[in-house]
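Every number for a ligand or one of its atoms is a count from 1 in the order of the listing. Numbers for residues simply follow the sequence, beginning at 1.
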Amino acid sequence: MTNKSMEALAAEGAVYFIFGATGDLARRKLFPALYSLYREGKLGERFAVVGLARRPRTHEQFREDVLESIREFCRYKAEEGQAWREFADRFSYQSLDIGNVEGMRALKENTEELESRYEIRGNRLFYLALAPELFGTVSRNLRDGGMLDSEGWHRLVIEKPFGYDYPSAERLNEEIRHVFQENEVFRIDHYLGKEMVQNIEVLRFANAFFEPLWNSNHISNVQITLSETVGVEERGAYYNKSGALRDMVQNHMLQMLTMIAMEPPSRLDPEDIRDEKVKVLRSIRGFGSGEEVRRRVVRAQYTEGISRGEPIKGYREEDSVPSDSQTETFFAARLFVDNFRWAGVPFYVRTGKRLPVKSTEIVVEFKNVPPGVLFATKQELRPNLLVIRVNPMEGIYIKINAKKPGNEMTVQPVAMEFCQSCQIGINTPEAYERLIYDASRGDHTYFTRWDELAVAWKLVDPIAAAWAGSGDGLAFYPAGSWGPEEAERLLAEDGYFWWPVNGQEEDNIIWVSNAGK
Ligand code: BG6
C-alpha cells in the first residue's frame, strides 16, 4: 500500500459494521484484528465499530465481550485504564433483526451520529460474519434502509462458504450484485491473508534463482498438504454437508495452488494478479468422468483412533453427524495444470481432519540429477526441495546435497531454513488483520473475485457429483494417522511419496536453521 492511500484512510476514516457480532468469528478473529490494527495506528483517529446481532446487549456489555476476546485471542495485550477506554468508546452495539428494514433505518441514524462525532466521511465497511443465506437479505436491507446513501465508499466483506456448488454460488452472487458492484465486494479466503501465502509471490518474483527453474523442465511435482489435528467440534451439522472438498479444497487449497502456478503478472496490480490466478484455475484439468475422479481423487473419513496419546472418537460418532455419514474428512488428489509451464507436472493436494499434526506446507520437488553419473553412481541422491511452511510455523527451507565432511566422497542432504515466525515471533500480523486492513483501503489483491470462485466451483462440482449419494470409494483412516493408504498409492503410482511435513521424520539430514534445530 502506498503512503498516500494509508494517509487517505486515516484522513477520511470509516465505520466498521460487524454483523454477527456475538458469534465465534467476531470473538476469535475480528475484534482481536481490529485491536491490533488500532495499536499499529492503522485505523487512524477517525473510526467507529458497530456490533450487530439479534441478541440484546448494552454497549457496555458489548465492550466487555470485546475486551475478553482481545485478552484471549489478540497478539497485543489489552491496555488498561484510559488507553483502553479510548478504544472501547469507539464500539457500540445495536440489536438488529436483519430481516427487518426498520432496524436498518435506526442503524442509519446511529451511524450518522457516529460519523459526525468522529468526523468520518461516510465510508462504511460491512463485515457479514453470518450464514451466507443471509447475505442477500442483509444487502437489500442495507440499501432499502438508506445505509448506502452516504457520500463515501461502501464495501461488503463476506466469508465463505460462497454457496454449495456453482449454481448456488451464482444465485448468491446475483443477490449480492443487485446491491453491490463487484469492486465493492470483498470475498474472504483467509488463507490469502496468511503471511507465507503472500510471500509466495515475493519468493518467486523477487529472486533470480527460482523463476528460471519454475516449470516442468525442472520441477517433478508439487505437494500441498493442509493437515489438521482438530475434528469437527461443534460444527458437525455444517461440516457434514460440506466435507473437505467444499470446506478446504474449493477455496484454500486451490488458492495456494494458483499462487504457486500462476504466471508473473505484468504489474503488481490487484486485477492483474487475479487475472493470472483465474488463468491457472482455467488450466486445471477437469474431471470429465466418474472414472477419472476415482483414478485421481481419494476421499476418506476418520474412524476412532489415538491422537497425541488421547483416544479420539470416529467422525460418525461426532455431534450432529449421522451414523451412516458418507462425508469425507480427508481429501487427496492428483491435479494437473495443463499449460506450457506445467504440462505433465502433478500437483498433489491433501487435506484432512484428525491427522497427526497441524501443518500447512507446500513442497516443490525438483527433478533429480541424471541417474548413474558422477555422485549418483555412488549412492541414491535425494531431490532438491523448496518447502514453504505456511502454518503454524512460517518460513521456508531448501534441501540440497552437500559433501559429508571426511575422506570419503559421501553426499548428505542439508536443509537450510529461514524460520520467519521464529525471527519475527508473535508479531506477525494475523490473516484477518491484513484482510480487514486491505478491505478498508480498497485493495482486492488477496480477495477472491467472482470469476475465480466460479471456475473453482466448476472444477470441484464434478467430483462431488461423482460421489453423490454413494459411499463407493469412501476409504477410512484411524484418527491420528496420515489418512488412508490410497493417498500414499496416489503418489506411489507415479514413483513419488509424500514428503513428511515439518521435515522432522527424515533421517541423516543436517539442518541449518535460525530456529535452533
Ligand atoms: C476454515 C475451515 O476455512 O479453515 C475449517 O472451515 C478449518 O474447517 C480452517 O479448520 C483452517 O484454517 P487454519 O487457518 O486454522 O489453517
Side-chain angles (χ1 to χ4, degrees), residues 20 23-30 32-33 72-73 75 127-132 157-164 169 186-200 224-257 259 299-302 307 312 315 318-321 325 327-331 349-362 388-395 421 426 428-436 446-448 453 456-457 460 479 483 501-502:
D24 215 42
L25 182 72
R27 197 170 68 87
R28 286 173 182 272
K29 302 288 184 191
L30 307 184
E72 199 174 342
F73 298 109
R75 66 193 176 94
Y127 198 118
L128 308 194
L130 298 172
V157 183
I158 46 183
E159 281 282 335
K160 72 176 249 288
F162 303 108
Y164 176 79
F186 293 75
R187 298 179 194 84
I188 287 204
D189 180 317
H190 78 281
Y191 260 73
L192 286 178
K194 289 193 190 275
E195 180 70 35
M196 289 310 297
V197 175
Q198 300 192 353
N199 205 342
I200 294 172
I224 304 178
T225 297
L226 200 171
S227 69
E228 296 189 279
T229 50
V230 290
V232 292
E233 276 70 51
E234 65 293 347
R235 299 164 76 222
Y238 152 77
Y239 192 88
N240 199 57
K241 280 201 213 125
S242 143
L245 177 67
R246 296 182 173 92
D247 187 49
M248 302 294 256
V249 179
Q250 184 271 345
N251 35 68
H252 310 323
M253 303 295 283
L254 287 180
Q255 285 293 343
M256 286 191 279
L257 188 154
M259 298 293 281
R299 64 164 167 160
Q301 191 185 75
Y302 64 84
S307 177
I312 304 288
Y315 176 69
E318 299 277 9
D319 287 348
S320 317
V321 172
S325 168
T327 298
E328 76 291 355
T329 59
F330 178 96
F331 175 100
V349 297
R350 69 173 163 172
T351 181
K353 303 271 186 206
R354 293 293 189 209
L355 300 185
V357 289
K358 167 78 181 156
S359 181
T360 303
E361 280 193 8
I362 303 169
I388 300 169
R389 307 185 69 184
V390 174
N391 190 22
M393 296 289 278
E394 295 171 350
S421 44
I426 55 159
T428 309
E430 288 273 339
Y432 279 89
E433 286 172 41
R434 276 177 231 280
L435 295 174
I436 293 176
Y446 296 112
F447 295 86
T448 317
L453 198 61
W457 275 122
V460 305
V501 296
N502 298 342

Determine whether more than 12 heavy atoms belonging to other residues, nucleotides or ligands lie under 6.0 Å from atom NZ of K358. yes

Do E159 and Y127 have a side chain donor and acceptor closer than 3.5 Å? yes

Cation-pi check for F73 against R27: NZ or CZ below 6.0 Å from the six-membered ring centre and within 45 degrees of the axis, yes or no? no

Any donor and acceptor pair, going by atom type alone, linking the side chain of E328 with main-chain N or O of A244 inside 3.5 Å? yes

When you measure from the side chain of T327 to the backbone N and O of G243, does any donor-acceptor pair fall under 3.5 Å? no

Per the under 4.0 Å non-hydrogen criterion, ligand 1 touches K160, H190, Y191, K194, E228, R235, D247, M248, H252, K353, K358, N391

Mind checking side-chain contact (heavy atoms from CB on, under 4.5 Å) for Q198 and listing every partner two or more places apart, or none if nothing turns up? R434, Y446

